[in-house]
Amino acid sequence: MRQEVSGFPDTLLGARDAIRSKQVSAVELTRHVLARIEKLDPVLRAYNSIDADRALEQARLVDEGKRTGPLAGVPIALKDNICTSWGTTTCSSRMLANFRSPYDATIVRKLDEAGVVFLGKTNLDEFAMGSSTENSVNGPTRNPWDTNRVSGGSSGGSAAAMAASMCCGAIGSDTGGSIRQPAGLCGVVGLKPTYGRVSRYGLVAFASSLDQIGPFGWTVADCAALLNVLAGGDPRDSTCVNQPPEDFLAELDQPIQGLRIGIAREFDQEGVDPQVKAAVDAAVAQYRALGAQIVDVSLPHTEYGIAAYYIIAPCEASSNLARYDGVHFGHRTKEPVRDIIELFSKSRAEGFGAEVKRRIMIGTYALSSGYYDAYYLRALKVRRLIRNDFEAAFKSCDVILSPTTPTPAFAIGEKTGDPLAMYLTDVFTVTCNIAGICGISLPCGFTSGDKPLPIGLQLLGPAFGERTLLRAARMYEQATDWHRRRPPLA
Amino acid sequence: MAQQKITLEQVRHVAKLSRLALSEEELATLTPQLESILEYVAKIGELDVSNVEPMAHAIDLHNVLRDDIVEEALPLDKVLQNAPDSDSPFFKVPKVIGGDEDSAG
């Protein structure tokens with residue numbers, strides 16, 4: 001395992017500083033990253049589309065001083081469910097195979113103003129529904145640490161592009177773990193901000209009360225720098241809270257005196273891989289050595305998290321995805337139809353993949369007459385109980401620590417036959433979305449064996465507690481060197 | 001919570017409500033899958049939630065008001081650029097009224 005990929009920086013802040021100090025030009029760095037993509041991506045398939053000409057043009061403008069900003073010249077990858085006025089926004093779905101957004105997402109405009117170089121759009125589970133990036137019309141994204149394994153999902157393309165140094169920063173979205181889980185499985189850092197921290201305008205909606213955009217990076221500092229750009233209120237998203245601007249990099253490197261780390265007894269469960277458990281236990285010991293206080297907390301409704309999630313998310317999805325009707329945009333059937341209902345039904349059956357259909361069906365069922373109270377309404381009440389659990393727990397601790405996932409990356413195809421088994425991989429991540437709080441995954445070790453696989457450590461923080469969350473994560477990162485490891489790619 | 005078996009006919013009905021023209025094969029595959037998923041999520045029926053307020057959203061949402069100012073809308077060509085079929089300024093669709101199917105589902 002090499003510590004560095006080449007002479008070029010592959011971290012976000014490393015790239016930013018090298019460009020600022022003119023150690024490397026933005027064009028040289030972009031060419032280097034594009035060459036890596038050309039070499040590695042035919043196997044990994046992290047990208048759905050790449051616009052090399054556009055990226056090089058943006059890089060040239062940076063070098064000429066005409067494109068400026070806090071992240072000028074840094075090559076960035078965007079998950080392909082984030083609308084861009086250039087290229088396509090496909091959601092890895094046949095439904096949107098040719099969709100060209102007429103506008104930019106708010107976060108795309110913000111990154112543009114920050115001067116980044118956009119490389120392209122990354123693969124995902126169709127409409128962000130999945131935990132392995134296998135539910136993609138373009139095929140699975142492979143894990144850079146072992147190409148027979150999944151990259152996680154649904155932001156698997158962004159996580160794998162990051163882990164293979166095919167970008168210096170990446171953007172994903174997290175509805176039930178879709179940033180943290182692939183970050184954990186790919187050995188990079190991934191942050192799910194608090195619900196309402198980042199504008200969702202231009203993020204293709206899956207479950208609107210759970211979806212949140214967030215960054216991937218090699219380091220906690222890289223994620224903090226990206227959050228500085230992404231965060232902030234937006235008149236176009238009334239759920240995006242107008243918080244006063246914060247600098248998440250300020251004081252990031254200063255350890256928190258008397259940090260209280262909560263360990264929830266409900267997270268200590270069967271089914272956690274022994275190597276994952278050992279790595280997370282070692283992380284707890286590391287924190288203790290750094291002076292943190294370890295506190296027992298209880299999240300008694302944790303075991304109902306997945307059940308509530310797999311009612312709420314499909315219900316919202318069945319409503320959000322009603323817009324794909326073959327009329328205004330998206331796939332339209334070529335089959336003869338008798339009337340408009342048949343046009344809708346055939347276009348949708350042809351355009352959506354199996355998992356998307358399954359979730360629309362679950363959501364429609366749970367919202368249908370006679371079942372609404374037992375499923376949807378009850379799930380919203382359980383949601384309140386889960387939120388209350390966190391609010392009580394955060395009275396006695398600053399962050400809550402757990403594994404990100406019960407196991408390291410699983411084999412491609414291992415869980416595709418059993419949707420429920422796939423859903424259960426989200427056990428540690430979904431409650432964060434249900435409660436609307438913030439969470440981060442960072443590497444905390446590797447499995448043994450010929451092809452060591454990364455293990456992810458999850459820290460959860462209270463709503464709008466990103467500054468403390470990032471500083472707590474940074475304390476661990478500064479004391480360890482897992483984030484310096486790179487996969488042994490040719 | 002009622003833990004009844006899901007029948008093929010129920011799945012067919014839900015597909016109709018979902019506006020998904022699923023094949024017989026898809027319906028047959030989905031029936032046991034939906035059954036096992038719904039059986040799992042029925043777990044929330046174990047909890048006493050009689051005194052719990054439902055929570056639709058993570059933040060306390062209030063009406064977000066702004067001044068009613070006319071802004072530039074998307075130009076027509078951009079609105080229609082992804083339409084499968086159009087006749088500017090209209091989206092084109094097949095006959096809406098008078099079809100065989102009950103449009104109320």
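Each chain gets a letter, A, B and so on, in the order its sequence line appears, and its residues count up from 1. For the numbers below, each heavy atom of this structure counts, side chains included, while hydrogens, waters and symmetry mates do not.
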Residue part contacting chain B, namely of [X], when any heavy atom lies under 4.5 Å:
X      : value
A/N433 : neither
A/L343 : side chain
A/L367 : neither
A/E350 : neither

If you take all heavy atoms of [X] and [Y], which pair is closest and at what distance?
X      : Y      : value
B/V11  : A/M361 : O-CE, 3.4 Å
A/A374 : B/I44  : O-CD1, 4.2 Å
A/A349 : B/A21  : CB-O, 3.2 Å
A/Y371 : B/Q10  : OH-NE2, 3.2 Å
B/I59  : A/T239 : CD1-O, 3.2 Å

Select, from B/A15, B/P75, B/P54, the one with the greatest count of heavy-atom pairs under 4.5 Å involving chain A.
B/P54
Out of B/V14, B/V64, B/V93, return the one with the most heavy atom pairs under 4.5 angstrom to chain A.
B/V14
Side chain proximity check, A/R378 to B/V41, heavy atoms < 4.5 angstrom
no
Give a yes or no on whether the backbone of B/S18 and the side-chain of A/R348 come within a donor-acceptor separation of less than 3.5 Å.
yes
Would the distance check show the side chain of A/R383 and the main-chain N or O of B/A56 forming a donor-acceptor pair, the cut-off being under 3.5 Å?
yes
CZ of A/R236: more than 12 outside heavy atoms within 6.0 angstrom?
no
More than 12 heavy atoms of other residues, nucleotides or ligands under 6.0 Å from CD of B/E46: is that the case?
yes
Quick check on the interface: out of [options], who has the most heavy-atom pairs with chain B under 4.5 Å?
options                        : value
A/F329, A/Y423, A/F344, A/Y309 : A/F329
A/K346, A/K357, A/H301         : A/K357
A/G436, A/P102, A/S368         : A/P102
A/N98, A/V337, A/I312, A/I306  : A/I306

Look up atom [atom1] in [X] and atom [atom2] in [Y], then write down how far apart they are to the nearest 0.5 Å.
X      : Y      : atom1 : atom2 : answer
A/T364 : B/K16  : OG1   : NZ    : 14.0 Å
A/R387 : B/H57  : CZ    : NE2   : 11.5 Å
A/I311 : B/I37  : CD1   : CD1   : 11.5 Å
A/Y365 : B/L34  : OH    : CG    : 9.0 Å
A/K381 : B/E53  : NZ    : CD    : 8.0 Å
B/E39  : A/L420 : CD    : CG    : 9.5 Å

For [X], is it the side chain, the backbone, both, or neither that has a heavy atom closer than 4.5 Å to a heavy atom of chain A?
X     : answer
B/V52 : both
B/L47 : both
B/L20 : both
B/F91 : side chain

All N/O donor-acceptor pairs, side-chain side in residues 77-84 of chain B, below 3.5 Å, sequence neighbours left out:
residue, atom, partner, partner atom, Å
B/Q81, NE2, A/R100, O, 2.8
B/N82, OD1, A/R100, N, 2.9
B/N82, ND2, A/R100, O, 2.7

Could you give the side-chain donor-acceptor pairs of residues 317-327 of chain A under 3.5 Å, partners two or more places apart or in another chain?
residue, atom, partner, partner atom, Å
A/S318, OG, A/C315, O, 2.9
A/N320, OD1, A/R323, NH2, 3.1
A/N320, ND2, A/F206, O, 3.0
A/N320, ND2, A/S208, OG, 3.0
A/R323, NE, A/N320, O, 2.8
A/D325, OD1, A/V327, N, 2.9

Please step through side chain to side chain contact (heavy atoms under 4.5 Å, CB included) for the pair B/K43 and A/V382, ending with a clear verdict.
CA-CA 11 Å; B/K43 191 180 171 65; A/V382 176; over 6 Å; no
